[in-house]
Amino acid sequence: MSTTRISEIAGSLGQEVTLRGWLYNMRSSKKLHFLQIRDGSGIIQGILSLQDAGPELFAAIGALTQESAIEAVGKVVSDPRSPGGFELHLKDVRRVSPSVDYPISPKEHGDAFLMDHRHLWLRSKRQHAILKIRHTIIKGIRDYFDEHGFVLVDSPILTPNACEGTTTLFGTEYFGQTAYLSQSGQLYQEAAAMAFGKTYCFGPTFRAEKSKTRRHLTEFWMVEPEVAYMDLEGDMDLIEDFLCSLVERVLNKHERDLKESLERDIEPLKRVQKPFPRMSYDDALKMIVQIRDATTDAETKAALAIEWGMDFGSPHETELTKKFDRPIMVHGYPYEVKAFYMKRDPNNPKVARCVDVLAPEGYGEIIGGGQREDDLQILEAALAKHELPKAPFEWFLDLRRYGSVPHAGFGLGVERTVAWLCGLHHVRETIPFARTMDRLSP
RNA sequence: UCCCCAGUAGCUCAGUCGGCAGAGCAGGUGGCUGUUAACCACCGGGUCCGCGGUUCGAGUCCGUGCUGGGGAGCCA
């Protein structure tokens, strides 16, 4: 028996089709049943009258419960009264298997309850829209780099040491020694870029920080491109072009999902066009000080306290991005607060040739990147300054011993990007099964 | 690690000054021929997060613990 997918139902207008799916919801009166049927590709309304069905079938269908697996046979008709424009005049509905006391009702639920039932929550319209957009973003990322001459060179997930030596890592037993789950594939991409010129890795990343905020997950996906013979300016050009292509792709493919399922205002997304504002840390700092001086709210004033040499915190970034209608690129942070591999600016040794991209509408940092230190002596000094052992980084230093060239790259957080484009409050909805400090299941 | 908020029916929540435990939804029964989170009537449903304290009396006040949420730091 051939099955029709709801997403392709328009092609079967006027014909009798068989759908295989689940009962999403049902409304009934004495002589009419309205079944909302979903099959994973979409939702369609099926209608059945007592007159057409006869009392036996009519009663059997009336007894179906939410999320029962069903096989429905009916004629596809166009009807403006039906959500979606099409509906199915049902001839027969067979129950494939029952669903008793389905926990997620069509009414509202709390976040914790829904996260406990994440395996079922995935069936809802809103989660469908989000995860389909996530899929588009992931495909968009791969297509962009594949079409621009990059080679996919995956970095390992099990690593022997702290890549950056800063954040907290998950450790695991590894045949008598300790291995750590990767917090970044970047160091390995530097080796890959010296071999292939332009490379990227794309995979899960792990951070054991006790961060309980709407922007943090302990397991998240990151894409990390790296390019040989590219400097900071080239890096920013790449970032700009790449982000614009992602936004455009999502707008083209998901305008309805964004507007209808997610109630996302897409006007701010349409403004994401080149060029993005580029500003130095110094200029950003001046703006923050101006904002701080102009504010009358004592709490905001205190949160914005800063002086040269300090890294920006979330409150600083949030206030800064409010002044712009597109992503901004802040470059040249103080050398001391950045990771050891960042290139020290030869013209201004107090700053690093790095860049952070801050998304608009309060979504904050979605990209961190920059030019890498290609000078052996400066890199050795940086390792010492950060009190990192030299031995585990010998292979990394080799890259500076055998044909070192300027190179740059960045890391984009997929979940923060999905949250931004979908206009979500929390990143936990942007990944099928979120891992946070307090959640390891389902 | 620190700061703030919350925990009452399967779910979302209300509960006044400390005085009989409540509503909507979900579930069950009945009604309704175009419903849009359908609607109407009736019914069943409680370890008020745990422990201790104050009180004639605690969902309510105090202490403490646990769990969840938000934020800081850190970061994508």
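Quick caveat: nothing in here was measured; it's all calculated off a predicted structure. A, B, ... follow the sequence lines: proteins, then strands. Residue 1 opens every chain.
Taking side-chain N and O atoms only, A/Arg215 has a distance below 4.0 Å to OP1 or OP2 of B/A72. Residue A/His426 places at least one side-chain N or O closer than 4.0 Å to OP1 or OP2 of B/G70. OP1 or OP2 of B/A72 lies within a sub-4.0 Å distance of a side-chain N or O belonging to A/Ser314.
For B/U35 and B/C39, the C1' atoms lie 9 Å apart once the distance is rounded to whole Å. The gap from the P atom of B/C48 to that of B/A21 amounts to 11 Å, rounded to the nearest Å. Here the separation of B/U33 from B/G15, taken at their C1' atoms, is 42 Å to the nearest Å. For the P atom pair drawn from B/G7 and B/A14, the interatomic distance equals 7 Å after rounding to whole Å. When the C1' atom is used for both B/G59 and B/G22, the distance is 12 Å, rounded to whole Å. Spacing between B/G69 and B/U12 at atom P, rounded to whole Å, works out to 13 Å. On the P atoms, B/A58 is 16 Å away from B/C62, given to the nearest whole Å. Using atom C1' as the reference point in both B/G52 and B/G70, the two lie 30 Å apart (nearest Å).
Nucleic acid contact class of A/Arg439 (heavy atoms, under 4.0 Å, all strands): none. Within the nucleic acid shown, A/Gly313 comes within 4.0 Å of sugar-phosphate atoms alone, with no base atom in reach, counting heavy atoms only. Counting any heavy atom pair closer than 4.0 Å across all strands shown, A/Leu412 reaches no nucleic acid atom. Within the 4.0 angstrom heavy-atom criterion, no nucleotide atom of any strand lies near A/Asp111. Heavy atoms of A/His216 sit under 4.0 angstrom from at least one base atom. As judged by a 4.0 angstrom heavy-atom cut-off over every strand, A/Ile367 is placed among residues touching the sugar-phosphate backbone only.
Stacking of A/Arg344 on the aromatic ring of A/Tyr335 is recorded, both the 6.0 Å distance cut-off and the 45° axial limit being met.
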- Going 5' to 3' through nucleotides 23-34 of chain B and flagging B where a protein heavy-atom sits under 4.0 Å of the base, S where only the sugar-phosphate is that close, and - otherwise, we get --S------BBB
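The stretch residues 121-139 of chain A has no heavy atom under 4.0 Å from RNA chain B, so no residue of it qualifies as close.
Across all strands shown, the partner of B/U64 is B/G50, judged by Watson-Crick or G-U wobble contacts whose two distances both fall under 3.5 Å. B/A41: Watson-Crick or G-U partner is B/U29, with both key distances under 3.5 Å. Judged by Watson-Crick or G-U wobble contacts below 3.5 Å, the nucleotide B/A9 has no partner. Base pairing analysis places B/A58 opposite nothing; no Watson-Crick or G-U wobble pair with both distances below 3.5 Å involves it.
Side-chain atoms of A/His109 and base atoms of B/C11 include no donor and acceptor less than 3.5 Å apart.
In this structure, CD1 in A/Ile70 is found 11.0 Å from CZ in A/Arg94, a value given to the nearest 0.5 Å.
Residue pairs meeting the side-chain hydrogen bond (donor to acceptor under 3.5 Å, both in side chains) criterion with at least one partner in residues 301-315 of chain A, sequence neighbours excluded, are A/Arg215-A/Ser314, A/Asp282-A/Trp308.
Checked for salt-bridge contact, A/Asp111 and A/Arg428 meet the test: a charged N lies under 4.0 Å from a carboxylate O.
Ring-centre distance between A/Tyr144 and A/Phe150: not below the 6.0 Å cut-off. Here A/Tyr341 and A/Phe396 keep their ring centres 6.0 angstrom or further from each other.
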